[in-house]
Undergrad: 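There's a structure below that I have some questions on.
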Amino acid sequence: MCNVFDVDGRFYLVDLPGYGYSRVGMAERQGMQALVQRYLTERQTLRGAVWLLDMRRDPSAEDHAVGELLAARGVPVLVAITKADKLARSHRQERLRTIGGAVGMPEDQCVLTSARTQSGIDDLRDSVFAFVGQGAAGSAEQAPGEQP
Ligand SMILES: Nc1nc2c(ncn2[C@@H]2O[C@H](COP(=O)(O)OP(=O)(O)OP(=O)(O)O)[C@@H](O)[C@H]2O)c(=O)[nH]1
Ligand SMILES: [Mg+2]
């Protein structure tokens with residue numbers, strides 16, 4: 001499913017399912033893949049994407065496919081390398097470079113994050129607000145009654 005968060009009535013944050021590593025059957029996985037594919041390809045109100053990649057994993061074939069969809073769509077993309085707390089501080093920057101390089105994203109479009117320690121979350125928030133524009137621009141761009 002997609003989880004939709006209304007952010008202060010200004011814009012919607014839509015959490016799309018990850019499917020590369022989930023322990024679901026092939027049919028369900030293909031369903032999720034189709035959902036993500038259609039959302040990233042067709043959603044007219046999409047302003048930007050935060051692409052969450054687990055710090056401990058090398059990007060999978062599914063991840064690369066998502067990267068191609070995002071590149072084709074042409075919206076701004078920020079890579080959030082997640083669960084930074086799971087790795088020693090000394091290895092984090094190296095993982096950022098490796099993962100960013102693997103998905104063809106420049107270092108300045110990648111941010112190390114941890115939901116546990118909250119590191120990187122302020123940067124992430126700033127980037128999301130930049131996608132939708134400051135002030136009320138995000139909601140102004142969305143027609144009344146339009147779906148996220
Ligand atoms: N240590 C640590 N654990 C985390 C962090 N973020 C999420 N988790 C945990 O990781 C597990 C999986 O969560 P996510 O990676 O968000 O994955 P998900 O949204 O459930 O699954 P997909 O979206 O399908 O990939 C949960 O148990 C979370 O509590 C983090 O920054 N640090
Ligand atoms: Mg998720």
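Here the structure is a predicted model, which means the values were calculated and not measured. In each ligand, atom 1 is the first atom listed, and ligand 1 is the first ligand listed. Along the sequence shown, the residues carry numbers beginning at 1.
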Undergrad: What's the spacing between Lys86 NZ and Asp54 CG if we round to 0.5 Å?
TA: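 That separation rounds to 8.5 Å.
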Undergrad: So is Asp85 polar-close to ligand 1, meaning N/O to N/O under 3.5 Å?
TA: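 Yes.
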Undergrad: So for ligand 1, is Ala115 a polar contact partner (N or O within less than 3.5 Å, distance only)?
TA: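 Between Ala115 and ligand 1 (N or O atoms, distance only) the closest approach is under 3.5 Å.
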Undergrad: For Gly18, counting its heavy atoms only, list the atoms of ligand 1 lying under 4.0 Å from any of them.
TA: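 So the atoms of ligand 1 that pass are 22 (P), 23 (O), 24 (O), 25 (O).
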Undergrad: Any donor-acceptor pair under 3.5 Å linking the side-chain atoms of Arg43 with those of Thr45?
TA: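 There is such a pair (donor and acceptor under 3.5 Å, judged by atom type) between the side chains of Thr45 and Arg43.
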Undergrad: Quick check on the 6.0 Å ring-centre criterion: do Phe11 and Phe129 meet it?
TA: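 Yes, they do, as the ring centres are separated by less than 6.0 Å.
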Undergrad: Could you measure the distance from the CG atom of Leu124 to the CD atom of Gln118? Nearest 0.5 Å is fine.
TA: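 So the CG of Leu124 and the CD of Gln118 are separated by 10.0 Å.
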Undergrad: Between Lys83 and ligand 1, is there a nitrogen or oxygen pair with a distance under 3.5 Å?
TA: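 Yes; at least one N/O pair falls below 3.5 Å.
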